[in-house]
Amino acid sequence: MAIEKRSVTRFELLMDAGFGAQKSGDILLSAFVAMGKYVYVEPMIPAEISPLPRSKPALSGVIIRLADFDITNIGNNSDLTIAAHEIILSRRLDDGEYNPQGIFLLDTGDREKNPESYEAVLKRCAKDGLNVITFDMDEASKAILQSIGGKGQNIFYLGMLSYIYNMDEDIVKNEIEKTFGKKLKPDVMEKNIGLYHNGYQLAKGLDLLRYQIDSTPREGDKILIDGNTALSLGVIDAGFKLFSGYPITPASSVMHTLARELPAYGGHVHQAEDEIAAIGAAIGAYFGGTPSITATSGPGLSLKQEFIGFAQAAEIPIVILDVQRGGPSTGMPTKTEQSDLLAAAFGSHGDHTKIVISVANVIDCFYAPHVARYLTEKLRLPVFIMSDFQTANSYKVISKPRLVQLNNVNDIPDFVLERFHLKRLPENIEMVLTLQSIPGTPGGMRRVTGLTTDIQGHVSTFSKASQRSHEVRNEKLHHVQRALTAPEIFGADTNDLLIVGWGSTRGAIEEAVGLAQKQGLKVSGLHLRIVYPLPLMLKEVLSRFKKVMSVEVAYGDALKPSPLALLLRSEALVDIQPLMAQATGRPVRPKVIVERVKEVLK
């Protein structure tokens, strides 16, 4: 079969949980990077710990977008899918993220035992006009699998994908050996390499369409990194010395990374007995002068809210990393969502004086902890860093970030603040309590309480003391508003339609705006990195556009605005409706945004 040259493509590898699809994805990712390709990866992780094999909940896999240019999102539809059996193929078809002219490679190894199920799925595919190519592993490979305990199909599929995407076999084999070299005995490693070779030859025998993505030379030191790892390393470079947390998906890998790395930089990791204890320890450590951070997701955010309110009242710095997932309650632990925005900004009872920073990519992830520490120590208010499942688990090749090694927050470089559209805050900022000493300061003993106090720190229920404390805390937020510069706009500064987003929607919005403009549509995009408070000039910026709509991975409808739309409506007094407000657990796709834009502007 001839090789088709493409600028960008997307494919999927789908298997049951525990059979190594994501590990094969990691190997492919590293090999593609070594070959000079641009990649964007989304793992598909089941929510259940040990789902029943050959069931829809067992779907586990990886989606890889491959290009000869820098890419910022997972894209639209997959051109090729390898499925280990018919049930997970059927489950994935339900999501509708496939190219109707694409190729589906279905392993029929289980067909003899499940003929009716296979027949039903194949009929469904035929009815939809899908191109399904069935295959069965050769007898030699089946014998190898049996000899090593039944695991290794992922390496066989890896060989198939290596042929289809015209990969350098030596590079892939080297990545296999680097991945498993210390875990497998030499004879088992040799059998896995045999499986890889057999998969390559099977795909070759099927005479499949092959894809060629040109390599792009890259200058300077490059690293391959995901969002949670970038956040962890950013925490170290920002000078935090304590991480206090409780394991919860998808934030847990931050604690795992910091447990390995932070002690080498004079820091400590505390795994608390629960979410409440985790943030309590972090607040207590910050009160003692140790820069501290906690991380959570889903229900953990709800549990932390009382302590977050306490930190506001007591004027103790604290940074909370929220890696958002599908909700409410336990929700969908391994799916992405952006529904925590209002809970972060307004979650605690009483008045709300918190700052919400969002991250759009791995570079944001690295520098967000620096900005968060700067703001929380200057203002003595809680600061949120808002990520999500998509950003946390998506890998990207980047130039090595410039290290800051932040000690004193006043020394934060301008380029870090500018990335988040922020100028420096004033040197002297009024606090509710005049005395802000840390324990052990001679003559600096002071009361720390969640009760309302006067300027000396004495508990007070007088009306003047209460009003003043609210004014002072809110003036801190106003300092941030005055320091915020105009947000980033994609396209013209005035247009028929403006699409607004925050966090992980940035890449899809930027790509969609570019596609729409090529089709003659008068649309621009705007992305917010600091989502609360909002910049003072935002109302004027939005007024330049005939219509303003939001794109969010959060629910909204005609009667209930989605979180960002609701926030923008209240702050800018503009009738902002959601262009897309989906709570499907899936990332937004540029193509779908363009389709919605056409509907709005027709």
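All residue numbers refer to positions in the sequence shown, counting from 1. Just so it is clear, the structure is predicted and the values come from calculations on it, not from any experiment.
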> Considering residues, nucleotides and ligands other than E488, do more than 12 of their heavy atoms fall under 6.0 Å from its CD?
Replying inline: yes
More than 12 heavy atoms of other groups within 6.0 Å of D414 CG: yes
Backbone N or O of G503 within a donor-acceptor pair of the H527 side chain at under 3.5 Å?
yes
Residues I155 and N192: closest non-hydrogen pair is CG2-O, 3.2 Å
Check: P590 and N76 side chains under 4.5 Å, non-hydrogen atoms:
yes
**Request:** Please answer whether the main-chain N or O of V323 pairs with a side-chain N or O of S297 as donor and acceptor at a distance below 3.5 Å.
**Result:** yes
Scanning both residues in full, the closest heavy-atom pair of S244 with A278 reads OG-O, 2.7 Å
| said: Please confirm whether the ring centroid of Y367 lies under 6.0 Å from the ring centroid of F415. | reply: yes
With V172 as partner, the option from L158, I193, L28 fulfilling side-chain contact (heavy atoms from CB on, under 4.5 Å) is L158
- F104 and Y98 aromatic ring geometry - parallel, tilted or perpendicular at 30°/60° bounds: perpendicular
Smallest heavy-atom separation, A67 atom then V8 atom, equals CB-CG2, 3.8 Å
Identify whether the distance between the nearest side-chain nitrogen and carboxylate oxygen of K204 and E169 falls below 4.0 Å. no
Would you say that more than 12 heavy atoms from the other residues, nucleotides or ligands in this model lie under 6.0 Å from the CD1 of I49, or not?
no
Interatomic distance, CG@L130 vs CG@N99, rounded to 0.5 Å, equals 10.0 Å
Rounded to the nearest 0.5 Å, the CE atom of M44 sits from the CG atom of D95 at a distance of 6.0 Å
Shortest non-hydrogen pair, D237 vs V404, comes out as OD2-N, 2.8 Å
query: Quick one: are P299 and R325 in side-chain contact, heavy atoms under 4.5 Å?
result: yes
>> Other residues, nucleotides and ligands only: do more than 12 of their heavy atoms fall within 6.0 Å of NZ on K222?
In response: yes
- Task: Would you tell me whether K37 and T216 have side-chain atoms, one donor and one acceptor, within less than 3.5 Å of each other?
- Result: no
- Query: Between K23 and I176, is any pair of side-chain heavy atoms under 4.5 Å apart?
  - Reply: no
Quiz item: Honestly, is K151 close enough over F19, meaning NZ or CZ under 6.0 Å from the six-membered ring centre and within 45° of the axis?
Solution: yes
*asked:* For the residue pair S292 / K241, report whether a side-chain donor-acceptor contact shorter than 3.5 Å exists.
replied: no
Original post:
Is there a donor-acceptor pair under 3.5 Å between the side chain of S141 and the backbone N or O of G199?
Top reply: no
Tightest non-hydrogen contact, residues S24 and N154, listed as OG-O, 3.0 Å
Can you check whether R54's main-chain N or O pairs, donor with acceptor, with D16's side chain at less than 3.5 Å?
yes
| task | Report yes if some heavy atom in the side chain of K396 is under 4.5 Å from a heavy atom in the side chain of D70; otherwise report no. | result | yes
Output for pair (F366 CZ, I236 CD1), nearest 0.5 Å, gives 9.0 Å
Looking at side-chain heavy atoms only, is the closest gap between Y157 and M15 below 4.5 Å? yes
Query raised in the report: Are any of the side-chain nitrogens in E337 or K335 under 4.0 Å away from the carboxylate oxygens of its partner?
Result: no
* To do: Check the surroundings of atom NE2 in H197: do more than 12 heavy atoms from other residues, nucleotides or ligands lie under 6.0 Å from it?
  => no
query: Tell me, do E552 and T505 make a side-chain contact under 4.5 Å, heavy atoms counted?
result: no
task: Would you mind checking if K113 and D110 are paired as a salt bridge, meaning a charged N to carboxylate O distance below 4.0 Å?
output: no
When every non-hydrogen atom of P51 is compared with those of E48, the smallest separation belongs to CD-O, 3.5 Å
| task | In plain terms, say whether D364 and R419 are close enough for a salt bridge, that is, a side-chain N and a carboxylate O under 4.0 Å apart. | result | yes
The reported gap from CG in L231 to CD1 in I293 (rounded to nearest 0.5 angstrom) is 7.5 Å
Between the CD atom in E190 and the CD1 atom in I148, the distance rounded to the nearest 0.5 Å is 12.0 Å
Please check this pair: side chain of T391 against backbone of N361, looking for a donor-acceptor N/O pair closer than 3.5 Å. no
One thing to verify: whether E42 and R586 come together as a salt bridge, which I'm taking to mean a side-chain N less than 4.0 angstrom from a carboxylate O. yes
| Can you tell me if H256 and N228 form a side-chain donor-acceptor pair at under 3.5 Å? | no
Between K56 and D94, does a side-chain contact (heavy atoms from CB on, under 4.5 Å) hold up when you go through it step by step?
-> CA-CA 11 Å; K56 288 189 176 183; D94 294 340; 3.6 Å; yes
Discussion item. We want to know whether T296 and K304 form a side-chain donor-acceptor pair, criterion being a heavy-atom distance below 3.5 angstrom.
Written reply: no
Mind running side-chain contact (heavy atoms from CB on, under 4.5 Å) on F490 and R506 for me, showing each step along the way? CA-CA 10 Å; F490 316 125; R506 182 190 187 280; 3.8 Å; yes
_Using the ring centroid of each side chain, check whether F11 and Y211 are separated by less than 6.0 Å._
no
Paired with Q22, the side-chain contact (heavy atoms from CB on, under 4.5 Å) test is passed by just one of L13, I27, V41, I45, namely I45
V62 side chain reached by L29 side chain, heavy atoms, under 4.5 Å
no
**Prompt:** Step by step, would you call I87 with S117 a side-chain contact (heavy atoms from CB on, under 4.5 Å)?
**Reply:** CA-CA 8 Å; I87 293 176; S117 179; 4.1 Å; yes
### Message
Quick one: does any side-chain atom of Q338 pair with a main-chain N or O of A554 as donor and acceptor, under 3.5 Å?
### Response
no
With a 4.5 Å heavy-atom cut-off, do N77 and R10 have their side chains touching?
no
What I want to find out is whether E86 reaches R111 closely enough, with some N-O distance under 4.0 Å, to be called a salt bridge. no
| Do other residues, nucleotides or ligands put more than 12 heavy atoms under 6.0 Å from K591 NZ? | no
So CD1 of I164 and CD1 of I3: to nearest 0.5 Å the spacing works out to 12.0 Å
| message | Using the rule given for side-chain contact (heavy atoms from CB on, under 4.5 Å), can you reason through R589 versus N73, listing the C-alpha separation, both sets of side-chain angles and the distance that settles it, and then say yes or no? | response | CA-CA 8 Å; R589 293 181 284 163; N73 63 91; over 6 Å; no
